[in-house]
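Notes for the one structure printed next.
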Amino acid sequence: MAHALGLDIGSGYSKAVICENGVLHSFAVLPSGGDYKGAARRVTDMALQGANLSFNDIVRTVATGYGSSMVDFADHFATDIACHAAGIHHLFPLVRTVIDVGAQFSKAIRVDEAGRATYFLLNEKCAGGSGKFLQIVARILHITIDDIGPLSLTATKPVEFTTACAVFAESEAVSRIAEGALPADILAGVHKAMASKIVNLVTRVGLMPDCAVTGGGAKDAGLVKAIEAELASPVTVADEPQITAALGAALIGAEQAATGKR
Amino acid sequence: MAEDKKPRSLATQAAAKIAKFVRGNMSATLKAKEEGKKVAYAYINDGQDEIMRAMDIVPAWGESFAGVCAAKRDAEKYLQKAEADNFSRSLCTYATCTIGFDMWREELNGQTPPDAPWGGMARPDMIIGSAQQLCDPRFKWPQATQHYLQDVPVFVGNMYYPPWDPKRDHHEQEAIYVKYAKAELLELVRFCEKHTGKKMDWDRLAGLVDLTEKTWNLFIDTYELRKAIPTPMDTGDAMNTMVPITFNLATQDAYDYYKGLYDELIQKNEKKQGVIENEKYRLLWGAGLPSWFALGDFQYFNDKGAVFPAEVTYRNAEKLERLDLPATNDPLERIAWRWVRFWTHWYDKARKRPGSSPKVERIIEYIEDYKCDGVVFHSAFSCRSWHAGIIHQAEVLRKIYGDIPILIMEGDIVDISSYNEVDTHNRIDAFIETVDAYKAKRS
Amino acid sequence: MERYYAGIDIGSTMTKAVIVGESIIASVIGPTGPEHRKLANKVMEKALGEAGLKFEDVTYVVSTGYGRVNVPFADRQITEITCHAKGIHSLLPTVKTIVDIGGQDSKGIKIDSGKVTSFVMNDKCAAGTGRFLEVIADTLGVPLEKLGEISLSAECPAVISNTCTVFAEHEVINKLSTGEKIPNLIAGVHDAVATRVYALVKKLNVEADIAVTGGGAKNVGLIKALEGKFGCPVLVPPEPLITGALGAALVGKERYEHALQSGQTLTRSGQGLQEARLFS
Amino acid sequence: MTQSGNGNGLALAEKYYSQYGSRARELKAAGKKIIGYLSALGPVEIMTAAGAVPLRLKGNVSEAITKGDAYMETIVCPFVRNVFDAAIKGKYDFLDGMVLPHQCDSIDRTDDVWSDTLNLPYWHFLNVPHVTDEPSIEFMKDILRLFIRTLEEFTGKKISDEAIAQAVTAHNENRRIMRELYALRKTDPPLVSGAEMMKILVAAMSLPVDESRALVRGVTDEIKHRKLPSSGGKGPRIMLIGDQIDDVAIIEAIEGTGAKLVMDDLSIGSKMYWNDVEATPDPVQGIAERYLRKLKLPTTFVGTGNTYQETLEARFGHMKRYIEEFKVDGAILFVYKFCDPYGFEVPAIKSFIESAGTPVLYLEDEYSTSTLARLKTRIEAFLEMIA
Ligand SMILES: Nc1ncnc2c1ncn2[C@@H]1O[C@H](COP(=O)(O)OP(=O)(O)O)[C@@H](O)[C@H]1O
Ligand SMILES: Nc1ncnc2c1ncn2[C@@H]1O[C@H](COP(=O)(O)OP(=O)(O)O)[C@@H](O)[C@H]1O
Ligand code: SF4
Ligand code: SF4
Ligand code: SF4
């Protein structure tokens with residue numbers, strides 16, 4: 001049995017996926033916590049354990065993501081753009097537009113029928129509109145990341161969030177609270193501001209259905225809803241959207257192993 | 001600065017000679033005093049080169065100075081100097097870098113600040129700006145400089161070209177623009193005469209106009225040799241070889257330089273000697289000035305098998321026959337026509353393709369002529385002139401030409417503070433993958 | 001009877017309260033939470049406790065800082081610029097230039113006999129502020145108070161080229177994982193902050209003596225980096241965090257006494273501490 | 001015609017301010033052609049003479065830019081971006097056309113973004129030069145004539161010299177009356193607050209010239225009858241300098257502290273109203289001279305002085321006169337980020353005004369209330385400083 005390992009070492013989280021003959025076998029997710037090298041090893045071990053395998057069973061390892069260059073045991077490195085495209089194509093072959101919301105960057109990617117990226121755009125130079133923005137606000141509100149989505153869905157009147165800066169978002173959140181705004185409404189406001197930034201990227205790459213949201217941000221139901229509202233069209237979300245790029249990396253590895261590419 | 005710039009290996013010998021050219025231009029300003037010549041702060045692409053050269057005025061180019069500071073990653077101290085006097089970081093960093101240098105030199109009573117790159121530029125005797133269509137800093141920068149060099153006379157002329165309007169024939173407007181440009185050039189001649197105490201030698205001017213036109217033709221002939229597959233020279237080199245056409249126009253040196261480059265490229269083409277051994281992807285540099293502190297990024301493209309056989313940036317000339325200039329014996333009128341037509345000669349073509357624009361039309365022509373598989377734009381935050389409107393160009397290009405891969409990189413020309421090499425390289429990797437997908441689909 | 005004046009400085013990160021009579025009789029520092037009003041009360045109560053006073057004993061209360069408008073029991077709001085000037089002047093009378101590095105912004109203030117003559121504030125990103133340092137301390141898992149000390153053992157400061165705090169954080173992480181030493185990284189971050197702050201303050205015609213105030217002044221590494229930029233030693237008051245609150249109390253004192261002398265009384269907000277608590 | 005002179009002028013100004021463009025929308029429904037324009041360089045006389053209603057476009061400082069960034073780089077000045085965002089969200093969906101004067105790179109370089117995205121029936125880029133010498137005046141006349149021609153083609157009606165001359169008279173009268181209103185700010189305390197004045201200025205730029213004149217006339221009559229409070233002239237008197245500041249938010253931040261905004265050098269304010277068009281035999285001549293030479297915008301290069309001091313005087317001398325006439329204690333120079341024309345002037349303006357003994361606060365910011373909290377501290381500290 002040919003097993004391929006895909007690793008997505010993101011600035012926020014490290015993700016590992018093991019595929020067996022092109023099918024997802026096991027996966028693991030872990031905060032990167034600054035130590036990309038260590039996180040890569042740990043998340044690999046977790047995924048191996050989950051699959052009851054040892055590293056020797058892996059025929060090929062492909063790494064991607066911000067910290068991928070730290071993965072000294074990878075056979076190949078691929079960009080996260082290509083991995084997102086490959087991963088989403090495997091899950092939803094009809095998807096032509098991918099929105100990836102990661103910890104540091106948000107991306108819009110156009111994918112062709114073969115699962116290749118044809119055009120992409122990122123938010124650059126500014127962390128506004130990225131997952132970091134949300135993390136910071138969540139910290140101020142004293143809630144965990146997992147609670148963001150559900151809580152924001154209970155919002156009744158989203159607070160208009162005008163700051164785009166992830167760092168000043170903090171003080172804006174603080175003053176909104178001081179004005180008596182509810183956490184749910186604040187989160188919904190942040191979602192709205194983020195969604196409009198993200199949708200600007202999508203407008204620029206050109207929205208083509210189907211559209212999927214991936215990355216850790218896709219786990220946030222409130223954000224996904226805001227993106228749908230801003231796009232005025234529904235989006236697809238995988239069960240485990242955060243591992244899409246790792247899955248794509250594993251699939252690329254499997255393909256390379258099959259075609260004997262070095 | 002602690003971080004050294006990565007040396008880029010140049011593909012052509014001619015490009016390697018450019019450092020000498022730039023250094024020569026700077027030291028000419030310092031030597032001018034001994035030779036009894038006047039030095040003028042000048043700004044590129046203003047159509048004023050022949051007049052300055054005919055009056056023996058030595059141009060001192062702020063853009064060149066700032067570019068050198070940036071390439072040496074040593075601009076920050078000048079930027080900070082300007083910032084300290086309330087020049088915003090969002091203003092053109094060529095301007096703020098140079099103004100910072102000027103402020104410093106004034107503080108030292110006219111002495112060149114220590115460690116100025118390549119000896120720095122001389123304090124000018126005059127400032128010759130042009131409030132032309134190109135950008136606001138072209139006339140605000142001279143004005144702002146005068147705040148520190150209060151005794152230095154400033155001239156600002158105005159050179160416009162008819163705005164692009166798909167619904168309107170620009171030909172009927174050209175005459176107005178030529179008349180105006182000519183009048184403004186005459187104002188410049190008067191200014192130069194006043195401040196040099198010399199009379200314009202009109203025959204000499206006419207000779208220099210001829211020389212410039214010869215150089216324009218040769219420049220384009222040379223650059224068109226890059227159509228060869230593999231291409232013998234790419235944009236990484238062109239960011240060097242643009243120096244003579246940009247800063248040394250109307251000099252024999254510039255002409256001779258391109259003669260040398262022409263011969264070199266012919267030879268390379270005969271031997272099928274490309275920039276890189278295995279040329280996989282051909283890209284067009286669609287717009288934008290480069291990040292001078294990160295020219296190594298061109299090398300990174302090369303390492304990935306990508307070359308740039310053409311670029312829009314610094315292609316500041318055109319074959320004269322293509323401009324179809326009306327005959328005239330007046331050198332100023334000739335310059336004016338050349339200036340106007342350089343911009344408008346794309347208009348007719350653009351009008352033929354619904355939804356197109358001259359800028360995009362030019363990009364499409366280069367894509368086709370140079371067989372490019374993708375387009376890279378660079379958007380520098382401190383210069384609106386070249387960099388505002390890129391999103392629109394990319395959108396129009398995709399709309400009328402199809403899904404060609406496009407990369408828009410964000411950065412600056414001089415200000416390194418928002419540059420991140422790792423991210424930039426990741427971006428380039430992903431882009432190359434899209435180019436690969438595009439090529440696979442087309443074959 | 002001695003009069004007491006209170007100053008309360010609601011910063012973006014820290015809330016500071018100072019009570020003065022003839023001299024400083026209490027000073028308290030606490031974190032600023034999302035609910036300014038409640039915390040303002042707590043810090044104030046603590047300060048009153050330390051001074052052994054009741055709220056009614058205090059003659060006049062001035063609030064300052066980022067959250068100054070959210071203090072219902074304050075009689076007047078004055079910006080932290082004016083308060084820092086006043087505070088530093090009482091502590092270090094020779095100072096002509098103040099560099100304040102707070103949690104959310106940095107400022108430069110020129111003063112002449114305790115009066116502000118010009119000032120600048122950072123307006124860009126979080127770069128060049130205390131928040132940047134907090135973020136980095138967090139990332140490196142180093143206590144904030146230890147940053148300065150650790151950085152002093154740096155051999156060669158790392159170059160941090162990103163201005164954006166968020167990206168700079170990742171740059172630091174990246175450098176860390178390529179084996180850069182922590183002291184070098186911290187020193188690099190101090191250098192980056194000092195560079196931004198220096199560029200900002202340089203807009204003023206900087207004159208010695210220079211004092212550094214705010215939370216950033218508690219960081220010896222940053223102070224060293226700043227001294228390098230300014231090319232001269234800088235002064236740091238014994239408790240740099242309370243300068244603004246102290247200034248606020250002193251401004252209150254000055255205004256109140258000035259009014260008394262000219263036969264007027266200043267109107268008070270009328271909101272006691274109790275009411276304020278009910279309010280929040 | 002709007003009713004005025006019956007004591008509801010201020011209320012009307014308030015209404016046109018808060019529902020910006022509502023009158024133009026009504027006029028459109030009544031069959032008028034509405035031409036939007038950006039910046040003080042829009043030659044309103046010619047649009048009026050064409051029988052159209054010129055509407056100066058503004059954005060909304062309390063609305064975040066949500067759509068515009070998909071089309072326009074963030075290195076474009078925030079004012080232009082915000083107006084563009086408002087336009088593509090449909091705020092100005094009643095426009096028949098637009099004229100974009102060549103004011104600055106932010107406008108020049110986005111001309112095709114605007115025209116392609118909005119796709120209005122009439123579009124014109126008015127290529128105003130940056131230089132003021134003789135050839136430039138000739139050129140300005142040429143491009144004004146071209147503008148006239150395109151308007152004629154669009155409306156199908158000839159624009160006669162008489163019509164232009166009439167429009168010139170009407171706009172001059174409008175300016176004169178506005179100056180009368182400004183004069184009421186000279187008292188201590190001023191009869192009209194800065195916030196009220198801003199609303200009137202904004203309302204005025206959204207109306208056809210006759211209605212604007214009637215409105216300002218009415219407001220002036222109302223305000224003239226106000227009683228000067230016996231006390232209260234304590235706060236410092238402030239002048240605001242900048243380009244397109246068209247919202248009360250920043251003024252309320254100033255006046256909320258007890259200071260008074262008594263004068264401005266804004267492109268929707270005194271810059272517009274302090275210089276008339278001379279009635280020349282060829283009316284286009286007077287218009288060209290006014291827009292190129294008399295209008296003191298940083299987008300024109302002025303190099304007339306023999307010495308630098310003279311040049312400064314030519315560029316900014318009027319501000320010194322305002323400071324004297326309106327007894328200004330401090331000036332706030334408010335410049336938008338990414339604005340080259342104003343940005344490059346900051347050191348010169350600042351030192352020019354300060355050399356006359358008036359302190360200047362320089363602020364660089366967005367066209368947005370989101371950053372106002374941070375600005376407020378600076379404004380308040382400045383006012384505390386000069387108090
Ligand atoms: N359950 C969740 N709900 C909301 N947001 C989440 C959740 N899990 C992760 N995120 C967001 O996803 C981001 C991380 O996404 P990821 O795709 O792993 O980024 P990267 O690859 O850059 O590390 C975090 O910044 C966080 O904001
Ligand atoms: N003991 C300490 N050592 C180093 N830095 C400190 C210390 N205490 C506080 N700080 C810094 O001071 C900042 C808060 O400073 P402060 O002047 O109170 O700001 P603000 O008024 O905005 O709350 C924090 O961001 C932190 O960086
Ligand atoms: S605005 Fe905030 S998120 Fe954006 S670059 Fe600045 S610090 Fe970073
Ligand atoms: S074109 Fe751009 S880089 Fe060149 S001077 Fe103008 S603003 Fe500066
Ligand atoms: S603020 Fe500056 S950049 Fe913006 S429109 Fe006005 S002049 Fe142009």
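Letters A, B, ... are given to chains in the order of the sequence lines, protein chains preceding strands, and every chain is numbered from 1. Because the structure is predicted, anything quoted here is derived from the model rather than measured.
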Task: Approximate separation, where rounding is to 0.5 Å, of A/Ser196 OG and D/Asp69 CG - done: 8.0 Å
Task: Value rounded to 0.5 Å, distance of OG1 in D/Thr66 from NZ in A/Lys192 - done: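 Here the rounded value is 7.5 Å.
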Open item on the list: Is it true that, when you exclude D/Lys199 itself, more than 12 heavy atoms of the residues, nucleotides or ligands shown sit nearer than 6.0 Å to its NZ?
Closed with: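 Correct, the count exceeds 12.
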- [ ] Flag yes if more than 12 heavy atoms outside A/Lys225 fall under 6.0 Å of its NZ atom; otherwise flag no.
- [x] no
TODO: Search all heavy atoms of A/Asn200 against all heavy atoms of D/Lys67 and return the closest pair with its distance.
DONE: OD1-O, 3.4 Å
TODO: Compare all side-chain heavy atoms of A/Thr203 with those of D/Tyr71 and state whether any distance is below 4.5 angstrom.
DONE: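 They are in side-chain contact.
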